[in-house]
Number of protein chains: 2
Amino acid sequence: MTTQEKKDKFVQSWGSIGSNWGINRTMAQIHALLLVSSKPLSAMEIKNELQISVGNANMNIRALIDWGLVHKELIPGQRKEFFIAEKDMWEVVKRVVIQRKKKELEPILRLLNDVGEVDAKDKDEEEFAKVIKDLELYSNKVDSTLDRLINADSNWFVGTFMKMIR
Amino acid sequence: MTTQEKKDKFVQSWGSIGSNWGINRTMAQIHALLLVSSKPLSAMEIKNELQISVGNANMNIRALIDWGLVHKELIPGQRKEFFIAEKDMWEVVKRVVIQRKKKELEPILRLLNDVGEVDAKDKDEEEFAKVIKDLELYSNKVDSTLDRLINADSNWFVGTFMKMIR
DNA sequence: GTGAATTTTCAATAAATTCAAAAAGTGAAA
DNA sequence: TTTCACTTTTTGAATTTATTGAAAATTCAC
């Protein structure tokens with residue numbers, strides 16, 4: 001496999017991996033394309049490379065910017081906008097964690113908050129109360145762990161942290 | 001809100017939370033229903049409670065059993081099968097982690113394995129090589145951390161672990 | 001063993017999501 | 001102020017995924 005073939009395979013596969021991640025295929029492909037590109041690309045170049053429509057390219061580029069995975073890069077004297085991917089993988093990991101926490105964990109915390117304390121009046125209800133209580137316990141632990149992760153630096157995660165729990 | 005209302009709200013909301021999790025609405029609702037029920041339920045009771053078809057109920061019950069979140073419970077003298085949810089929340093967390101690792105992380109590891117080493121012949125390709133190398137680093141770290149989580153016990157996660165990284 | 005009760009399978013359909021094309025908007029330069 | 005290059009939004013078509021309904025297979029109480 002030549003390096004170019006590897007790049008192509010990466011873009012292609014990243015697209016299908018994305019769909020297991022709740023990220024649509026095009027969004028993941030654009031991300032991959034920008035990741036493997038050494039220079040900023042314009043919306044036009046992205047659309048041509050991936051053979052997608054302008055609209056589709058635009059929407060997914062915006063979404064990537066929202067996620068903080070892609071930045072605009074303005075080139076002086078050019079009206080056109082260019083885009084560049086966040087290549088610091090630690091930053092990428094954190095951005096993804098932030099989004100997924102928002103989408104997946106926070107609704108659970110909200111639900112638990114809405115439901116509030118369950119005052120069990122009999123044996124039956126006690127079981128329900130326990131489910132809620134435990135769920136709360138683990139959700140909060142996961143929440144604070146992720147917050148810590150988001151605020152931590154890469155070395156903490158890759159180095160110290162791993163040694164500590166080995 | 002009465003306890004019954006809380007149960008209903010929980011079942012309802014767990015369904016929509018599920019869909020943010022790559023778990024379909026019905027599967028999550030059945031899970032929630034069994035979680036809040038103090039006695040085992042039959043497929044028929046589940047189908048009636050959630051107003052879904054037999055086929056749908058059956059398929060999603062099977063999926064929950066595959067995930068290890070629900071068990072059969074046979075009542076002597078009864079032909080019918082009854083189902084009961086895994087109520088140990090730590091076990092639930094682990095089961096979900098196992099499934100998501102399979103679906104989300106493992107494809108990335110496979111891709112990286114397929115792509116292999118990138119031998120960068122110029123400055124441009126070096127950037128690509130670095131993206132792949134870093135991605136490999138973090139994917140492996142996440143992988144081993146999750147493996148450890150899966151094999152750990154609840155106290156490790158809730159207690160010691162949290163103190164260590166505080 | 002038989003047959004009613006129950007579970008499983010699967011083709012048809014419905015619903016949700018993704019995507020492309022076209023229309024509308026924006027703002028810089030002529 | 002008009003045009004041009006580009007961006008954004010909207011819409012409906014295509015694709016994918018979930019659900020139903022009904023037939024087929026299985027099970028076990030009798």
Side-chain angles (χ1 to χ4, degrees), chain A residues 11-12 14-34 40-67 70-84 99 103-104, chain B residues 11-12 14-34 40-67 70-84 99-100 103-104 107:
Chain A
V11 171
Q12 184 52 42
W14 202 242
S16 43
I17 286 170
S19 42
N20 296 327
W21 277 63
I23 292 166
N24 79 51
R25 199 176 77 243
T26 308
M27 183 169 161
Q29 280 182 341
I30 294 175
H31 183 226
L33 185 64
L34 289 170
L41 301 177
S42 67
M44 172 79 93
E45 288 169 304
I46 291 169
K47 136 186 150 35
N48 288 339
E49 188 75 36
L50 300 177
Q51 314 216 48
I52 57 176
S53 68
V54 240
N56 197 11
N58 184 268
M59 296 217 303
N60 286 296
I61 290 168
R62 292 311 125 190
L64 285 165
I65 291 173
D66 270 359
W67 278 49
V70 164
H71 307 292
K72 264 187 203 173
E73 176 129 323
L74 295 173
I75 297 183
Q78 293 235 21
R79 167 85 189 286
K80 218 183 309 201
E81 293 176 329
F82 288 81
F83 304 96
I84 193 165
Q99 295 297 326
K103 187 170 157 204
E104 299 177 6
Chain B
V11 172
Q12 184 51 45
W14 203 242
S16 43
I17 286 170
S19 42
N20 296 327
W21 276 64
I23 291 166
N24 79 52
R25 200 176 74 239
T26 307
M27 182 169 163
Q29 280 181 341
I30 295 176
H31 183 226
L33 184 64
L34 289 171
L41 301 177
S42 67
M44 174 79 92
E45 288 170 303
I46 291 169
K47 138 186 150 28
N48 289 338
E49 189 74 36
L50 299 178
Q51 315 213 52
I52 57 178
S53 68
V54 241
N56 196 10
N58 184 268
M59 298 223 301
N60 285 296
I61 291 168
R62 294 307 127 192
L64 285 165
I65 291 174
D66 269 359
W67 279 48
V70 165
H71 310 290
K72 262 187 206 172
E73 177 128 323
L74 294 173
I75 296 184
Q78 293 236 19
R79 165 86 198 287
K80 222 182 300 199
E81 293 177 328
F82 288 81
F83 303 97
I84 194 166
Q99 296 297 327
R100 305 199 75 177
K103 185 167 158 207
E104 300 177 5

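Model, not experiment: these values are computed from the prediction. Just so we're on the same page: letters track the sequence lines, and every chain starts at 1.
We find the CD-CZ distance between B:E45 and B:F83 to be 11.0 Å, quoted to the nearest 0.5 Å.
Counting non-hydrogen atoms under 4.0 angstrom, B:N24 reaches the backbone sugars and phosphates but no base. A:M59 comes within 4.0 angstrom of a base, heavy atoms only. No engagement by B:S42 is indicated, since no non-hydrogen atom pair under 4.0 Å with the nucleic acid exists.
Looking at the side chain of A:R25, the nearest of the listed nucleotides C:dT8, C:dC19, D:dG21 is C:dC19. With C:dA20, D:dT8, C:dT7 as the candidates, the nucleotide lying closest to the side chain of B:R62 is C:dT7. Nearest nucleotide to the side chain of A:E81, out of C:dC19, C:dT8, D:dT7: D:dT7. For A:S53, whose side chain is taken as the heavy atoms from C-beta onward, the closest listed nucleotide among C:dA20, D:dT19, C:dT7 is C:dA20. Checking C:dT9, C:dA20, C:dT7 against every side-chain atom of A:N56, the shortest atom distance belongs to C:dA20.
Taking 4.5 Å as the limit, every side-chain heavy atom of A:I30 sits out of range of all side-chain heavy atoms of A:L41. By the 4.5 Å heavy-atom criterion applied to side chains, B:I52 and B:N60 are not counted as neighbours. Between B:M27 and B:W67, the closest side-chain pair of non-hydrogen atoms falls below 4.5 Å.
If you take NZ of A:K47 and C1' of C:dA21, they are 11 Å apart, rounded to a whole angstrom. The CD1 atom of A:I46 sits 14 Å away from the P atom of C:dA20 (whole-angstrom rounding). B:Q78 places its CD atom 13 Å from the P atom of C:dA5, with the value rounded to the nearest Å. Atom pair B:Q29:CD and D:dA18:P shows a separation of 14 Å (rounding to whole Å applied). The interatomic distance linking B:Q51 (CD) with D:dT19 (P) rounds to 14 Å, in whole Å. Atom NZ of A:K80 and atom C1' of C:dG27 are 17 Å apart (whole Å). Taking atom CG on B:L74 and atom P on C:dT7, their separation rounds to 10 Å, with Å as the unit. Look at CD1 on B:I61: it is 13 Å from P on D:dT19, rounded to the nearest Å.
In terms of phosphate contacts, A:T26 brings no side-chain nitrogen or oxygen within less than 4.0 Å of OP1 or OP2 of C:dT18.
Comparing B:G55 and A:A57 by the nucleotide of DNA chain C that holds the closest heavy atom to each, the one mapping nearer the 5' end is B:G55.
Enclosure of atom CZ in B:R25 is not indicated, since only 12 or fewer non-hydrogen atoms of other residues, nucleotides or ligands lie within 6.0 angstrom.
Contact annotation: side chain of B:R79 to base of D:dA29, donor-acceptor pair absent below 3.5 Å.
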